[in-house]
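Worksheet: the structure to be examined is printed underneath.
Because the structure is predicted, anything quoted here is derived from the model rather than measured.
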Amino acid sequence: IVLTGEMSLSQCIELALTHSVELFKQKLELDKASADVNRAFYSVFPKLNLSGDVNTLTPYDDTDKESYDLKLTLTHPLWQGGTISAAYRYANYEYEKTRLAVWKMKDDLLYQVSSLYTEIILKQELVAVYQSAVDVSERLLSTSKNKLEGGVASRYEVLRAEVEVANARAELLREANELSELKLKLYNVMGVSQASYVKLVDELVLDESKMDTSNANSLALNNRAELLAAMCDIKKAEENIAIVKAEYRPHIDLYASGG
């Protein structure tokens, strides 16, 4: 997708969330984890299987005869030593861990787009400042040359003005290159073509609001996706232990068949 025109920060974030390949893959993992939860849940219900077979008999008179065999089997787990419940809890913890991964990826995209957007706005202002510096130095160079022609300035003043122009142009080129690099990074995070050319319309606003940091530690411990995902890993390990222990307990199934 090649973008042109004006874009706000909210539009950039929306595009990043929509076109991120990694986020799409993680959402597919979340769907798979949800299916595993359903599979673990329905494993407690009876299972009904129907099987069939066809047998061809060749008697002595060389006349082929076919016989059909149908078999209906019903299996219902009565007691599996706690395996089913442990597997269901394990699937739920895996789903929660995957959901946290999606949440973290969205937060990371939000941070990356917001950071790059504000850096680009700031860099554009710096490019404008350096462009003004180039313009001023070029005017000073022109003035020095005019003075030299009039005999009221030395060649040294002209050389110094030329050095100022060269330095200002070098600084402008460096800032312009960094601006282009930041834009390419933003396009990459947004999942659009590197050939895009957009104008960022939001402005930098100084927010002087104060943040209450008294409960920052508790918020970090309770809301960090990495910590919550690590807790899910601990719970999954506990359920794995429960599943292994259940293998040493008696298993009772209700079995019926007919055909």
Quiz item: Going through the distances and angles, do E181 and N177 end up as a side-chain hydrogen bond (donor to acceptor under 3.5 Å, both in side chains)?
Solution: CA-CA 6 Å; E181 184 180 352; N177 288 337; over 6 Å; no
If you define the side chain from C-beta out and look only at heavy atoms, does anything of [X] sit under 4.5 Å from [Y]?
| X | Y | result |
| --- | --- | --- |
| I13 | Y117 | no |
| E171 | N167 | no |
| S193 | I1 | no |
| I121 | D202 | no |

Salt-bridged, [X] to [Y], with N to O below 4.0 Å?
| X | Y | value |
| --- | --- | --- |
| E178 | K123 | yes |
| R160 | E157 | no |
| R89 | E238 | no |

Quiz prompt | Any residue meeting salt bridge (charged side-chain N to carboxylate O under 4.0 Å, His left out) with K145, in chain and number order, not counting sequence neighbours | solution = none
Quiz item: With R249, which residues qualify under salt bridge (charged side-chain N to carboxylate O under 4.0 Å, His left out), at least two apart?
Solution: none
Quiz item: Quick check: does any side chain N or O of S114 sit under 3.5 Å from a backbone N or O of Y111, one acting as donor and the other as acceptor?
Solution: no
Quiz item: Donor-acceptor pair, N146 side chain versus S142 backbone, under 3.5 Å?
Solution: yes
Quiz prompt | Other ILVMFWY residues reachable from L140 by side-chain steps of under 4.5 Å | solution = V136
In Å and rounded to the nearest 0.5 Å, what is the [atom1] to [atom2] distance from [X] to [Y]?
| X | Y | atom1 | atom2 | value |
| --- | --- | --- | --- | --- |
| N38 | Y95 | CG | OH | 10.0 Å |
| I120 | C12 | CD1 | SG | 8.0 Å |
| K104 | L109 | NZ | CG | 10.0 Å |

Exercise. Check whether more than 12 heavy atoms from other residues, nucleotides or ligands sit under 6.0 Å from atom CZ of R224, and answer yes or no.
Key: no
Quiz item: Just wondering, are more than 12 heavy atoms of other shown residues or ligands nearer than 6.0 Å to CD in E203?
Solution: no
Self-check item: Any pair counted as side-chain hydrogen bond (donor to acceptor under 3.5 Å, both in side chains), so long as it reaches residues 228-237, sequence neighbours left out
Solution: E94-K236, K97-D233
Practice problem: Please list all pairs passing the salt bridge (Lys or Arg N to Asp or Glu O under 4.0 Å) test where one or both residues lie in residues 28-43, with sequence neighbours left out. | Solution: K32-D36, D36-R39
Quiz item: Considering residues at least two apart in sequence or located in another chain, which fulfil the ring pair (Phe, Tyr, Trp, His ring centres under 6.0 Å) criterion with F45?
Solution: F41, Y42
